[in-house]
Amino acid sequence: MVSSNQLPTPTAETVFLVSGGAKGITAACVIALAERFHSRFILGGRTRFDDGAEPSWAHGVQDESELMRAAMTVLKQDGDRLDPRRLQKMVRDLQSGREIQATLDAVAAAGGTALYAQADVTDEAALKVAVSEASAVLGPVTGVIHGAGVLADKLVKDKPVQDFDWVVSVKVDGLRNLLSGVALDRLSFLVLFSSVAGFYGNIGQADYAVANEIL
């Protein structure tokens, strides 16, 4: 049995590879780690991120409805068809980029260092490239935090197999791919974000419950 004083402790030299780490609850945990240990973080995510650069139509606009109107104006000026799904994606991508930038800024303000690496955890090859590029800057990965997850809530009788596979893959294949992209003998930390859905279940989340219970 290992006593608590024998467990490894993160330091400013620790490099965490964090899936889903730039947004949501995982980001909040990363910021807390940065505050306490001033560690380094490779924040992986699917969202495209251009180092905080925003289109001119979004400058100074915060309200979601105002962003929708601004995006609509741009599409009209360009002569594009006003597709509601495209409008929603434009605004959603912008908001995601802002959240990523806010996390990077918060980590820096807390005394840590963070880089964003765009890669889908279910794409092993792309993930390895992204991690390799970030590691060249921050150093070899010594900790993995797997917080990525997706939902496709439907009852089993209504749930397409593709949705089930996708939800499970992000958690299970995602973990395999994260571990395959780092030197396991260097790892001191492995943290997996599960969910109460894996224990109690949740309506429409059979796939999510399975994925989290596996972790």
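Just so you know, residue 1 is the first one in the sequence shown, and it goes up from there. Because the structure is predicted, anything quoted here is derived from the model rather than measured.
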Check whether L155 and F164 end up in the same hydrophobic cluster, where Ile, Leu, Val, Met, Phe, Trp and Tyr are linked by side-chain heavy atoms less than 4.5 Å apart.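 Hydrophobic grouping puts L155 apart from F164.
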
Do V168 and L175 share a hydrophobic cluster, counting only Ile, Leu, Val, Met, Phe, Trp and Tyr and linking them when any side-chain heavy atoms are less than 4.5 Å apart?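 Different hydrophobic clusters.
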
Side-chain heavy-atom pair [X], [Y] within 4.5 angstrom cut-off:
X	Y	result
T9	F37	yes
L190	L179	yes
F189	L7	no

Go through it in stages, so that I can follow the logic: the residues are D93 and K89, the test is salt bridge (charged side-chain N to carboxylate O under 4.0 Å, His left out), and I'd like the CA-CA distance, side-chain angles, deciding distance and then a yes or no. CA-CA 6 Å; D93 289 350; K89 185 178 186 306; 2.6 Å; yes

Criterion salt bridge (charged side-chain N to carboxylate O under 4.0 Å, His left out) on R98 and E54, from CA distance to verdict: CA-CA 9 Å; R98 286 178 172 177; E54 290 190 2; 2.7 Å; yes

Going by atom types only, do T47 and Q118 share a side-chain donor-acceptor pair under 3.5 Å?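 Note: T47 and Q118 side chains miss the donor-acceptor criterion.
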
Side chains of S96 and K23, donor plus acceptor under 3.5 Å: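 S96 vs K23: donor-acceptor pair found between side chains.
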
From the options L215, I145, N212, I214, select the one residue that forms a side chain to side chain contact (heavy atoms under 4.5 Å, CB included) with L192.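 Only one of L215, I145, N212, I214 forms a side chain to side chain contact (heavy atoms under 4.5 Å, CB included) with L192, namely L215.
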
In terms of the angle between their ring planes, are F49 and Y116 parallel, tilted or perpendicular, with boundaries placed at 30° and 60°?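 Geometry flag for Y116 against F49: perpendicular rings.
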
Please determine whether a side-chain nitrogen of the Lys or Arg among R40 and E13 lies less than 4.0 Å from a carboxylate oxygen of the Asp or Glu.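 Salt bridge present between R40 and E13.
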
Are there over 12 heavy-atom neighbours, none belonging to I203, within less than 6.0 Å of that residue's CD1?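 Counting other residues, nucleotides and ligands, CD1 of I203 stays at 12 neighbours or fewer.
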
Greater than 12 external heavy atoms within 6.0 Å of E64's CD: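 Count not over threshold, so no.
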
